[in-house]
Number of protein chains: 2
Amino acid sequence: MEQQNKSSQLPPSDWNQYMPGISADCVIFGYHDKELKILILEYKQSGVFALPGGFIRKDEALDDAAKRVLEERTGLTRIYLNQFHTFGNLERDDPKPMKTVLEKNDMPVSDHHFLLQRFISVGYLALVDFKKVEPKPDLFSDSCLWYDANNLPGLMLDHQQIVQTALKYLRSNINNHVIGQNLLDETFTMGELQKLHETILDEKLHRTGFHRKMMLSKSLERLGKKKTGKAHRSPFLYRFKQKV
Amino acid sequence: MEQQNKSSQLPPSDWNQYMPGISADCVIFGYHDKELKILILEYKQSGVFALPGGFIRKDEALDDAAKRVLEERTGLTRIYLNQFHTFGNLERDDPKPMKTVLEKNDMPVSDHHFLLQRFISVGYLALVDFKKVEPKPDLFSDSCLWYDANNLPGLMLDHQQIVQTALKYLRSNINNHVIGQNLLDETFTMGELQKLHETILDEKLHRTGFHRKMMLSKSLERLGKKKTGKAHRSPFLYRFKQKV
DNA sequence: CCAAAAGTGTTTTGGGTACACCCATGA
DNA sequence: TCATGGGTGTACCCAAAACACTTTTGG
């Protein structure tokens, strides 16, 4: 009862307000402990894992629907968000996992249930500040948790492929400053930025070359030095320049 | 009557076989007379111009639907095809142009007609051999014609924006050999290849630099010389190497 | 003073650009 | 032989890669 008006809950009583057969699935990336993380939902009682997703209201723009999903799952607004691909294979049309979820939750299961139809899914990639996120499960989920991108649980349908496509997109856009800007703190050392790039690309980078390249890109400004308390030279702090 | 079984005709009697609210629109590029061309439909009696598009059958993969549209409009199979973006703004939800089309064609116009609902459209880019294409209008169209990409008629809804996005995608992938491979003849001179690049990028390129770059890419093989009958040295013919 | 991390300098390489120059051809 | 388009060689610039070297810090 008390959950019905929460914006983080789907209103199953009125599926009719959503466009049928279309969903938006979000690959939400965070960075913590030198690991690239992805937010994954686990449906109640069912052991089914999935990407956070949602449906498009009939009076809502596609991008806004993705934004809404993002805000509902993370509690954040003004998130960096990017559509990267739309998935519409027939293999993804498998009502079994969702049927399991409905049954385990004592929901009525008719063959024509909104959730059991074929869906075409628009994939969105989001970059968020790990520390600011408060993951919130949706109505059907027990948990909404961060997983290491290299160690995800088995995901339903083609969600693993969606993640792979998102990763590929992320890697091919690694030189876009928005990536570091959204995954790191406001200020960071060159080593931290390099470690982020290495984690995303899954390869070692040459330290001095990386340093030079970053400075040549003119997108960083150097601030004061950071006292690390470690037995070595203290690094400078850097910050992404504000867009000119 | 005799048209009903043509695969190039939509079967309006059974809209129910299609997924509602989703369409695939194709930006079909050809190259002719040193101009980049796009295939555009003109709806019957209505002066409404649009990109070739279609709907997704409930038992059909999204990519296959785009392929089908391509084949129906061009008569070609095995076309180079690439999904590039999905359009779902609310501004594109304007039933007026389609209402006009229906009225002009004496079709019943109810507010809940399949064609008058809000559509989210998946944009596909296709590259075809201009000379091999036999453009075929669909059931609602008077014509399916090539237009210069820089001189299109006014298109309905956001189709102009879809074209611009496709052009941007094409330009950012200009170094992918599939572009020349699909828009030019089997063999071509370096000058012809350069002219194609210049047309797509809408800028002059340096002749010798272009030559060197193409040869360094290792994707071309040089064949015999071409007799042009012109008053100058006869150019070599080139061909894209088959994938290794 | 040593180890470890951070920062800078130097050299080489390779692609991109610019331009000079040569080649082939038909008028 | 001349104009024109096609092909090649050379010089220059700049960014990326590789490596040497210096600087800073706590132990």
Side-chain angles (χ1 to χ4, degrees), chain A residues 31 33-34 171-177 179-180 184-241, chain B residues 31 33-34 171-177 179-180 184-241:
Chain A
Y31 183 65
D33 255 0
K34 302 184 179 175
R171 286 178 182 139
S172 69
N173 287 289
I174 190 73
N175 289 323
N176 189 330
H177 62 91
I179 293 180
L184 291 175
D185 291 344
E186 168 86 14
T187 64
F188 46 86
T189 67
M190 197 56 85
E192 288 165 351
L193 181 58
Q194 181 180 346
K195 186 64 196 160
L196 170 64
H197 279 234
E198 289 178 343
T199 303
I200 290 176
L201 296 175
D202 196 24
E203 63 177 338
K204 283 274 169 223
L205 299 173
H206 293 279
R207 186 179 61 86
T208 59
F210 181 80
H211 187 118
R212 184 184 315 277
K213 182 175 166 179
M214 287 301 114
M215 294 317 282
L216 278 170
S217 79
K218 301 287 183 194
S219 58
L220 294 181
E221 56 182 333
R222 191 158 82 171
L223 310 169
K225 295 203 178 188
K226 179 182 185 180
K227 294 283 190 301
T228 60
K230 298 257 183 70
H232 50 72
R233 180 172 178 172
S234 55
F236 285 101
L237 286 175
Y238 298 84
R239 173 170 61 186
F240 283 97
K241 284 183 190 167
Chain B
Y31 183 65
D33 256 358
K34 302 183 178 176
R171 286 180 181 137
S172 69
N173 287 288
I174 189 73
N175 288 323
N176 189 329
H177 61 90
I179 293 180
L184 292 175
D185 291 343
E186 167 86 14
T187 64
F188 46 86
T189 68
M190 196 57 84
E192 288 165 351
L193 180 59
Q194 182 179 345
K195 185 64 196 160
L196 170 65
H197 279 234
E198 288 179 345
T199 303
I200 290 176
L201 297 174
D202 197 24
E203 63 177 340
K204 283 272 170 222
L205 300 173
H206 294 278
R207 186 177 62 88
T208 60
F210 182 79
H211 191 286
R212 185 186 315 277
K213 182 174 166 178
M214 286 301 114
M215 294 318 281
L216 278 170
S217 79
K218 301 287 183 192
S219 59
L220 295 181
E221 55 182 331
R222 191 157 82 172
L223 309 170
K225 295 204 175 186
K226 178 183 185 180
K227 294 284 192 298
T228 60
K230 297 258 183 70
H232 51 72
R233 180 172 179 173
S234 54
F236 284 102
L237 286 175
Y238 297 85
R239 174 170 60 186
F240 283 98
K241 286 183 190 169

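Residue numbering restarts at 1 for every chain, and letters A, B, ... go by the order of the sequence lines.
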TODO: Please step through side-chain contact (heavy atoms from CB on, under 4.5 Å) for the pair B:Lys241 and B:His177, ending with a clear verdict.
DONE: CA-CA 10 Å; B:Lys241 286 183 190 169; B:His177 61 90; over 6 Å; no
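Within the 4.5 Å cutoff, the side chain of B:Asp185 has no heavy atoms near those of the B:Glu192 side chain. Put simply, the side chain of B:His197 reaches to within 4.5 Å of the side chain of B:Met214, judged on heavy atoms.
Along DNA chain D, the nucleotide nearest A:Lys225 and the nucleotide nearest B:Phe236 are compared for position; the residue whose nucleotide lies closer to the 5' end is B:Phe236.
Applying the 3.5 Å distance criterion, the base of D:dT23 shares a donor-acceptor pair with the side chain of A:Arg233.
Legend: side chain to side chain donor-acceptor pair (under 3.5 Å) pairs involving residues 230-239 of chain A, not counting sequence neighbours, sorted by first then second residue: A:Glu221-A:Arg239.
In terms of phosphate contacts, B:Tyr238 brings a side-chain nitrogen or oxygen within less than 4.0 Å of OP1 or OP2 of D:dG7. Between B:Ser234 and C:dA24 there is no side-chain polar atom (N or O) within less than 4.0 angstrom of OP1 or OP2. Proximity of A:His232 to the phosphate of D:dG26: no side-chain N or O atom is located under 4.0 Å from OP1 or OP2.
The separation between A:Lys204 atom NZ and D:dC19 atom P is 17 Å, rounded to whole Å. Taking atom CE of residue A:Met190 and atom P of nucleotide D:dT23, one finds them 20 Å apart after rounding to whole Å. A:Lys195 has its NZ atom 12 Å from the P atom of C:dA6, to the nearest Å. Between the P atom of D:dG6 and the CD atom of B:Gln194 lies a distance of 9 Å, rounded to the nearest Å. Nucleotide D:dA16 holds its P atom 14 Å from the CD1 atom of A:Ile174, rounded to whole Å. We find that NE2 of A:His206 is positioned 15 Å from C1' of D:dA20, with the value rounded to whole Å. Rounded to an integer number of Å, the gap from B:Leu193 CG to D:dG5 C1' is 16 Å.
Only B:Arg207, B:Thr208, B:His211, B:Arg212, listed by number, bring a heavy atom of residues 207-221 of chain B to less than 4.0 angstrom from any atom of DNA chain D.
With sequence neighbours excluded, no residue satisfies ring pair (Phe, Tyr, Trp, His ring centres under 6.0 Å) with A:Phe236.
Remark: the backbone N or O of B:Lys34 is not paired with any side-chain donor or acceptor of B:Lys195 at under 3.5 angstrom.
The heavy-atom pair separating A:Asn175 from A:Lys213 by the smallest distance is OD1-NZ, 3.4 Å.
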